[in-house]
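Worksheet: the structure to be examined is printed underneath.
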Protein chains: 2
Amino acid sequence: MHTQVKCNNCSLDNICLPRGLSSHEINHISNIVKARKTLQRGEFLYRQGDQFSGVLAIKSGSAKLVADDSHGNEHILDILLPGELLGFDGISKNLYHCSAIALETSSFCLLPAHSIDQMITHVPGLARELFRHSGDKINNNNIHRVMAKRPAEERLAFFLIELSERLKTRGFSSKEFTLSLTRQEIGNHLGLALETVSRILKKFQQQGIIQVKNKAITIKKQDALRAILQPVESDLF
Amino acid sequence: MHTQVKCNNCSLDNICLPRGLSSHEINHISNIVKARKTLQRGEFLYRQGDQFSGVLAIKSGSAKLVADDSHGNEHILDILLPGELLGFDGISKNLYHCSAIALETSSFCLLPAHSIDQMITHVPGLARELFRHSGDKINNNNIHRVMAKRPAEERLAFFLIELSERLKTRGFSSKEFTLSLTRQEIGNHLGLALETVSRILKKFQQQGIIQVKNKAITIKKQDALRAILQPVESDLF
DNA sequence: CGTATTATTGACTCCATTCAAAGATAGTGG
DNA sequence: CCACTATCTTTGAATGGAGTCAATAATACG
């Protein structure tokens with residue numbers, strides 16, 4: 001019998017791992033998942049090259065997923081919001097291929113690597129669930145790769161809409177939010193110069209589409225924002 | 001006891017699904033995996049929007065993974081070579097998010113979706129294996145996203161090196177190979193105009209790095225090719 | 001052999017980057 | 001609390017890499 005049950009360690013019911021799992025399965029997970037740890041901005045959830053310690057869930061705050069190339073340039077591959085999972089970059093080689101860094105004071109919990117194998121046997125629903133999440137990451141990545149070909153304004157519009165949607169899913173305001181990212185980081189994530197980010201945000205503001213006050217963003221005209229990315233619209237949501 | 005055993009349906013031993021599986025497990029898989037089908041260039045292995053039918057393995061030939069946006073533009077997200085797996089885009093929503101299209105006469109086999117759930121229970125080693133492969137795709141995607149920020153020459157150099165490496169892994173020549181892609185398709189995959197692809201291939205040839213004869217590529221100076229992408233080199237291989 | 005597709009090459013244009021400098025914000029210690 | 005510093009942001013001007021347009025050439029295909 002499938003029920004909506006909290007993961008004992010997780011206040012974010014129904015958006016974290018437990019989805020479509022039986023209460024028996026969730027109890028099993030609750031015993032395995034390690035309770036939250038708290039980190040400050042700039043601290044690492046894990047480091048590129050570290051041994052895979054497991055799949056993590058953000059419980060509060062946010063993080064960035066970063067790949068460092070050999071010249072010390074960082075590439076922000078993903079932004080993680082509360083309830084979202086990370087660590088899939090470590091599965092294939094048992095080493096993390098990216099670093100995960102807190103963007104603000106954040107807490108998270110851990111599904112330890114050494115438990116994953118057992119769980120695949122004992123909690124088949126969870127294996128399916130993890131597999132699904134992993135597939136989600138792939139699809140998401142693909143959308144970003146399609147967007148990477150689009151002009152700067154579309155990329156930024158997409159970034160704002162996607163963030164807004166994801167926050168909404170987690171019960172936060174989709175209209176007003178605070179970016180814990182600098183213009184530099186936004187630009188890095190989108191493959192744009194920080195000046196370009198600044199200019200386009202200003203342009204959107206002048207058009208009355210958004211309100212920008214430092215890192216606080218208010219979306220005034222969601223439709224206008226969506227209209228900017230019409231060309232690839234239907235795929236994305 | 002773990003042995004190197006062929007999947008009964010697969011001539012590509014050790015590079016396909018069976019890796020680190022017991023012979024018992026592989027026998028189990030052999031009964032489930034559907035034998036090969038053959039397709040001609042341009043035919044679909046699956047279509048964007050189709051119900052997820054399973055994970056596929058290319059046995060011979062090659063395919064492209066394509067996402068169509070709402071304006072009919074196609075985006076080539078991946079190239080699949082013999083022994084490589086595809087279909088992970090269908091796992092999360094039970095619908096394929098991309099289309100897979102044969103680039104030449106190709107054959108493939110199928111691990112059916114309806115078997116995956118059972119197998120997660122009965123062949124835990126396989127669940128782990130699929131999960132690993134899925135993680136591989138994620139890491140690969142990330143490398144491509146990093147490369148997408150680099151200038152055109154590096155992207156093309158990377159494309160050639162990556163292809164060469166992957167062919168080598170599968171026992172094909174890493175120095176000489178035939179691209180089953182048009183300049184248009186290469187450009188699409190790399191986010192470049194087809195004219196740019198043409199110009200850069202010519203430049204590489206003039207530098208003596210490669211030899212281009214229509215779709216046949218010969219790599220003359222692998223080192224020189226690698227040198228072009230020094231800035232991100234160490235991450236990739 | 002003729003037609004359609006694909007590839008090459010050149011000229012021009014433009015979007016976004018880079019460079020540069022000034023302005024705002026946040027954080028720190030006196 | 002204010003001054004001081006470091007970091008981040010804005011804004012302008014100039015540059016350049018890659019795209020677009022256009023015309024020709026080569027190749028593949030029926």
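To find a chain, count down the sequence lines: A is the first, B the second, and so on, and within it residues start at 1.
Looking at heavy-atom distances under 4.0 Å, B:Gly191 makes contact with sugar-phosphate atoms alone, never a base. A:Lys215 comes within contact range of the sugar-phosphate backbone alone, with a heavy-atom separation under 4.0 Å but no base atom that close. Across all strands shown, A:Leu192 has heavy atoms under 4.0 Å from sugar-phosphate atoms exclusively, and none from any base. Residue-level contact check: A:Thr182 touches the backbone only, with heavy atoms under 4.0 Å from sugar-phosphate atoms and none from bases.
Going from atom CD1 of B:Ile200 over to atom P of C:dT8 covers 12 Å, rounded to whole Å. Protein atom NZ of A:Lys149 is 11 Å distant from nucleotide atom P of D:dG19, rounded to whole Å. Look at CG on A:Leu190: it is 16 Å from C1' on C:dC15, rounded to the nearest Å. The interatomic distance linking A:Glu153 (CD) with C:dC15 (P) rounds to 10 Å, in whole Å. Note: CG (A:Leu201) to C1' (D:dT11) measures 14 Å, nearest angstrom. At whole-Å resolution of the value, CZ in B:Arg199 and P in D:dG17 are 14 Å apart. Residue B:Gln184 contributes atom CD, which lies 12 Å from atom P of D:dG19 at whole-angstrom precision. Distance CD (B:Glu185) to P (C:dA7): 9 Å, rounded to an integer number of Å.
Using a 4.0 Å cut-off between charged nitrogen and carboxylate oxygen, A:Glu176 and A:Lys220 do not count as a salt-bridge pair.
When each of A:Arg155 and B:Thr196 is assigned the nucleotide of DNA chain C bearing its nearest heavy atom, the one mapping closer to the 5' terminus is B:Thr196. Between A:Lys213 and B:Val212, it is B:Val212 whose nearest contact on DNA chain C lies nearer the 5' terminus.
The side chain of B:Ala152 lies closest to D:dA18, out of D:dT10, D:dA18, D:dT11. Here the side chain of A:Ala193 is nearest to one of C:dT17, D:dC21, D:dT9, namely C:dT17. Here the nucleotide nearest the side chain of B:Arg183, chosen from D:dT10, C:dA7, C:dA26, is C:dA7.
Taking only distance into account, the side chain of B:Glu195 meets the base of D:dC21 through a donor-acceptor pair shorter than 3.5 Å.
Ring centroid separation for the pair A:Phe52 and A:Tyr96 comes in under the 6.0 Å cut-off.
A:Arg41 contributes a side-chain N or O that, together with a main-chain N or O of A:Leu103, makes up a donor-acceptor pair within less than 3.5 Å.
Seen from the ring of B:Phe44, B:Arg47 counts as a face-on cation partner, given the 6.0 Å and 45° thresholds.
Dashed line: the shortest gap from a side-chain N or O of B:Lys202 to OP1 or OP2 of C:dT9 is under 4.0 Å.
The environment of A:Lys175 atom NZ is sparse: at most 12 non-hydrogen atoms of other residues, nucleotides or ligands sit within 6.0 angstrom.
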